[in-house]
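Below you'll find the structure, written out as structure tokens, and then a few comments.
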Amino acid sequence: MTADVFLFWFLAIVTLAGGLTTIMITNPIYSALSLAFTMVGVSALFVTLNAYFLAGVQLIVYAGAVTVLFVMVLMMFDLKHEVTAFTRGKISGMVKSGIVAVLAGILVGSISLTTDIFSKSGAAPEAVIGGDTTKELGKVLFSKYIFGFEALGILLLMVAIGAVALARSKGGTHAKQ
Amino acid sequence: MPSSDLFLEVGLSHYLVLSAILFVAGMAGVLLRRNAIVILMSVELMLNAVNLSFVAFSHYMGQMDGQIMVFFVMTIAAAEVSVGLAILVSIFKRYKEVNIRFFEHLKG
């Protein structure tokens, strides 16, 4: 077993454990903590796929900013008295779990059936990008996808204004009843 | 595929299966949880799973477009979280709880 194979399995286990803990645990603060774990795991998986820039962005945006935002909002709310963390009703819960299980089976089955064909025809598996891809990423981003990039800037400005407007309407968190 | 090969050699399908399982876990969270903040976290989990499969495809096909798409998805996910949490703050102001049963009517 070579080092990168071991690294993949280790990171897969960490990421999956973090993801499952996020949805299973009842205290939302611990959910946010394990979500941060999952984000770090996904970022390390990006490193194993040679996407170094995206790994850094993932660490900064998700494991940094988004998690801090979640934790801040959780601290603002007083959520100690959570009794019904999961959906009520055994039948509907079972139906939902069944739907999820069926979807998982379909996805994994279709992946294992199609990647065989995929690797035989079409793109050769030797076309793997090696080394650092940040330079190429920048070149493509600022030439082919420049309009998308600019639109993203406008979207971020609008979202910043909209979030402030939504949270501040009727006095923010300190509203008098 | 023999089972010893499955554990000794990591390929595209490994990353895709991992991403599928993460996505399904996020979907289970969205369906089963009652706390709206945890639902938002599960949505983030699903987006991350999709990002992982984008990067895996980009790596194994030798094209950069998948990574560009991941870049866009990350930005939009951050925007979505900020707006979602702002909406949650205004709902919490009104009902003092963020259970999704307060989202049933979605008016004033």
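Chain identifiers are assigned alphabetically (A, B, ...) following the order of the sequence lines, protein sequences preceding nucleic acid strands; residue numbering begins at 1 within each chain. The shown structure was predicted, so the numbers you read here are calculated from the model rather than taken from an experiment.
Nearest heavy-atom pair, A:M39 versus B:N48, reported as atom, atom and distance to 0.1 Å: SD-ND2, 2.9 Å. The minimum heavy-atom distance between A:T22 and B:R33, with the atom names listed, is O-NH1, 3.9 Å. Heavy-atom minimum distance, B:Y15 versus A:T48: OH-OG1, 3.0 Å. Summarising the geometry of B:L32 relative to A:G93, their closest heavy-atom pair is CD2-O, 4.1 Å, with the distance given to 0.1 Å. The minimum heavy-atom distance linking A:L74 with B:M41 is given by the pair CD1-CE, 4.1 Å. Contact record, B:V55 with A:A51: CG1-CB, 3.9 Å, taken as the closest heavy-atom pair.
Interface remark: B:L40 contributes backbone and side-chain atoms alike to the contact with chain A (heavy atom separation under 4.5 Å). If you measure heavy-atom distances from A:A12 to chain B, the contacts under 4.5 Å come from both the backbone and the side chain. The contact between A:L155 and chain B is made entirely by side chain atoms (from C-beta outward), counting heavy-atom distances below 4.5 Å. With a threshold of 4.5 angstrom between heavy atoms, A:T15 approaches chain B through its backbone and through its side chain. A:A32 touches chain B through backbone and side chain together, each having a heavy atom under 4.5 Å away. B:S82 touches chain A through backbone and side chain together, each having a heavy atom under 4.5 Å away. Heavy-atom distances place both the backbone and the side chain of A:L141 under 4.5 Å from chain B. For A:F8, the part lying under 4.5 angstrom from a heavy atom of chain B is the side chain only. Interface residue A:L35: only side-chain heavy atoms are found under 4.5 Å from chain B. Contact annotation for A:S31: both backbone and side-chain heavy atoms come within less than 4.5 Å of a heavy atom of chain B. Looking at A:L137, both its backbone and its side chain come within 4.5 Å of chain B, counting heavy atoms on both sides. In this structure, no portion of A:K139 lies under 4.5 Å from any heavy atom of chain B.
Among A:L20, A:L16, A:D4, A:T38, the residue with the largest count of heavy-atom pairs under 4.5 Å with chain B is A:L16.
One distance of note links OH of A:Y62 with CE of B:M74; it measures 6.5 Å at 0.5 Å rounding. For the atom pair CE of B:M27 and NZ of A:K96, the computed distance is 11.0 Å after rounding to the nearest 0.5 Å. Between atom NZ of residue A:K144 and atom CG of residue B:D65 there is a gap of 4.0 Å, rounded to the nearest 0.5 Å. Within the model, atoms CG of B:L12 and CG of A:L49 stand 9.5 Å from one another, a figure rounded to the nearest 0.5 Å. Rounding to the nearest 0.5 Å gives a distance of 6.0 Å between OG of B:S90 and CG of A:L166. Atom CG of B:L18 sits about 9.0 Å away from atom CH2 of A:W9, to the nearest 0.5 Å.
Between A:F149 and B:F72, the distance from one ring center to the other does not fall under 6.0 angstrom.
Tracing side-chain contacts under 4.5 Å through hydrophobic residues (I, L, V, M, F, W, Y), one reaches A:L45 starting from B:F23; they form part of the same cluster. Two different hydrophobic clusters hold B:V83 and A:I154 under the rule that ILVMFWY side chains link at heavy-atom gaps under 4.5 Å. In the hydrophobic clustering of this structure, A:L113 does not group with A:V102; members are Ile, Leu, Val, Met, Phe, Trp, Tyr whose side-chain heavy atoms approach within less than 4.5 Å, directly or through other members. A continuous path of ILVMFWY side-chain contacts below 4.5 Å connects B:V73 to A:F53, so both sit in one hydrophobic cluster. Residues B:V81 and B:V43 fall within the same hydrophobic cluster, defined by Ile, Leu, Val, Met, Phe, Trp and Tyr side chains chained together at heavy-atom separations under 4.5 Å.
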B:F71 vs A:Y145, ring-ring contact (aromatic ring centres under 6.0 Å, His included): CA-CA, chis, key distance, verdict: CA-CA 11 Å; B:F71 189 73; A:Y145 291 97; over 10 Å; no
Take A:I23 and B:V30, measure what side chain to side chain contact (heavy atoms under 4.5 Å, CB included) needs, and give me the verdict at the end. CA-CA 8 Å; A:I23 64 166; B:V30 170; over 6 Å; no
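Considering A:V140, A:T134, A:N50, A:T133 in turn, A:T133 is the only one that fulfils the side-chain contact (heavy atoms from CB on, under 4.5 Å) rule with B:Q67.
B:V17 places none of its side-chain heavy atoms less than 4.5 Å from the side chain of A:L107. Within the 4.5 Å cutoff, side-chain heavy atoms of A:L152 are placed close to those of B:I76. Side-chain contact between B:F92 and A:M76 is absent, with no heavy atoms from C-beta onward closer than 4.5 Å.
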